[in-house]
Amino acid sequence: MFRAFRVAFAAACIGCALIACAAELPSVSKSTEGAQLLVNGKPYLIFGGELGNSSAGTAAQADSILPRMARMHLNTVLMPVAWEQIEPVEGSYDFSILDHWIDVAREQHLHLGLLWFGSWKNGFSNYAPAWVKTNTARFPRAVAADGTELEILSTLGTETQKADSRAFAALMKHVREKDQEQQTVLMAQVENEVGYLGRGRDRSPAANQLFQGSVPAEFIQSLQSHRDEFSPELRAHFDPAGRTWAEVFGDAADEVFMAWNYARYIQAVAAAGKQAYPLPMYVNSQLPAPGERAGEYPSGGPHPYFLEVYRATAPSLDFYSPDIYWPNFEYWIDRYSFKGNAVFVPETRLESAPYNAFYAFGEARAFGFCPFGVNSAQNNAASGTGPDIKEVYEVLDSMSEMLIPAQAAGRTRGLVLHNNSPRPAKTVSLGGYLFEATLSRSWPARSLMEDDGAMIVVQSAPNEFFLAGAGLTVSFFRDPDTDNKLGGIASIEQVERAGGKWVAVNRMNGDESNQGRQLMMEAHQVRVYRVVLYAVERAAF
Ligand code: DGJ
């Protein structure tokens, strides 16, 4: 009896130890409030950056780049992994470069996101191995309207899809074997900015045949069941009563057809990768420039117009991401803040990133943000042209303990202002108050001190808010939609995190608060301010 108990007890302990060893893999958790990236079971914010395309092609580059990234206060680096690099000869894999990057990332306490440059990178197929590029019979190309074979692999190459899936699965299997315990690698992007470049659509024989047939009924049904979530563009182009692509999708037929084909292909690649190692997987999109038409921007990519096609077709993808290079950053990130998505910006302009980061984490409640070409960053602050991304990340990181739950509870806001913003002031509402921001001006000359400003607002308690940012003057009002009370400032302190606590380093009043009326942020440096507001009944006259 006693022996049986001992054996059972020992077996249970071994079981516990095994469970404890098998660390929880990174995952994306979605709720009605929003979504979070979980790392070791806890919500995690990516203060990241994406490397230039040719920055991770050798092992030695890791030694010079990653320590710099750590000094810039990044916690995650997105790095390309090219198909041609890991499978130069069919069926024979070489992960030595990646392994070194993982080792150096660990030394630097950095995480990595892998960008799978497989069949497509920015629409083209230049990262496919030579054995793929040179065998157009086995790996067919997309064909242009004039019959030219393009340097773009067709989405309808069955062998191409299999070969890409095999290579990606081999990559993920290798990452699992090397990294499952330490989890330096957090996630993988499947392909890069896919979409057909050229007029219309792929006109390869296989594509023509498929396009002339009926739209598969299950695809139409799947779209139908999400009709409430359609983008305005899809809603305007969807007639489920039709049969052919042209009948169902009207003049968006070419684009939707391409989106469906890219989504089907990517689903196969992502599913193969997930089977080997189920990390979060996503796709990124090159967004249309103003006035650009499909085919000028990659047609059928996962941009918001027809993203529903991906959602209906590629269940192995965890989220969809915008690469935002256009000035209307807020518009594009807002289009990816839809129910069921987890907001992550894998690429954005480095120059405007220090400002847009506040909007991304505060307003779009992103779990991550990555300026592109981060390894070529100049230090803005040092050259006197406003904050740099390092300062912004330091400050947001210092706030992350409160920021993460506040994001999940909808208690954050953010805004960005530029000298050429359509309105010189922007207002956000949170916790019963209005926060009205204008760009910082000098006193008494009233000239602009900086062309840009941005802030994040985090509610920490009733009437207490942490504002972080630069370049703004903020006025506070009671929100008339809440009640008719009189609102005002009780106190403003500039605070810093020290020893796990917020410490006031400057209590701002008098001239430094425009006589108790405004928060006057530093114009060029990112600071955190704790602002306590009050609301009182108005006197009855
Ligand atoms: C977007 C691409 O996804 C990146 O790989 C890079 O080519 C940038 N554009 C360059 O601006």
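Treat the numbers as computed from the prediction; the structure is a model and nothing was measured. Remember, it's 1-based here, ligands and their atoms both numbered in the order they're listed.
Near Glu193, meaning under 4.0 Å from one of its heavy atoms, ligand 1 places the atoms 1 (C), 2 (C), 3 (O). Ligand-side atoms of ligand 1 in range of Asn192: 2 (C), 3 (O), 5 (O), range being under 4.0 angstrom from any heavy atom. For ligand 1, the atoms closer than 4.0 angstrom to any heavy atom of Asn53 are 4 (C), 5 (O), 6 (C), 7 (O). Each of the following atoms of ligand 1 lies closer than 4.0 Å to a heavy atom of Asn122: 1 (C), 2 (C), 3 (O), 5 (O), 7 (O), 9 (N).
Gln286 does not count as a contact of ligand 1, since none of its heavy atoms falls under 4.0 Å from the ligand.
Note on ring orientation: taking the six-membered ring where Trp is involved, the planes of Trp116 and Phe168 are tilted (angle from 30° to 60°).
Taking atom 7 (O) of ligand 1 as the reference point, the nearest protein heavy-atom neighbour is Lys121 NZ, 2.9 Å. Among protein heavy atoms, atom 4 (C) of ligand 1 sits closest to Glu347 OE1, 3.3 Å. For atom 10 (C) of ligand 1, the nearest protein heavy atom (residue, atom name, distance) is Phe372 CE2, 3.8 Å.
Screening Phe47, Phe361, Phe344 for a ring-ring contact (aromatic ring centres under 6.0 Å, His included) with Phe367, the sole residue that qualifies is Phe344.
Between Tyr305 and His237, the distance separating the two ring centers is not shorter than 6.0 angstrom. Between Tyr262 and Trp120, the distance separating the two ring centers is shorter than 6.0 angstrom.
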> Could you go step by step and tell me if Arg311 and Glu229 meet the salt bridge (Lys or Arg N to Asp or Glu O under 4.0 Å) rule?
Replying inline: CA-CA 11 Å; Arg311 297 179 77 197; Glu229 294 163 27; 3.3 Å; yes
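In terms of the side-chain contact (heavy atoms from CB on, under 4.5 Å) criterion, residue partners of Ala366 (sequence neighbours excluded) are, by chain and number, Val343, Ala360.
Here CH2 of Trp101 is found 7.5 Å from OG1 of Thr58. Values are rounded to the nearest 0.5 Å.
By the 3.5 Å distance cut-off applied to N or O atoms, Glu50 is not counted among the residues near ligand 1.
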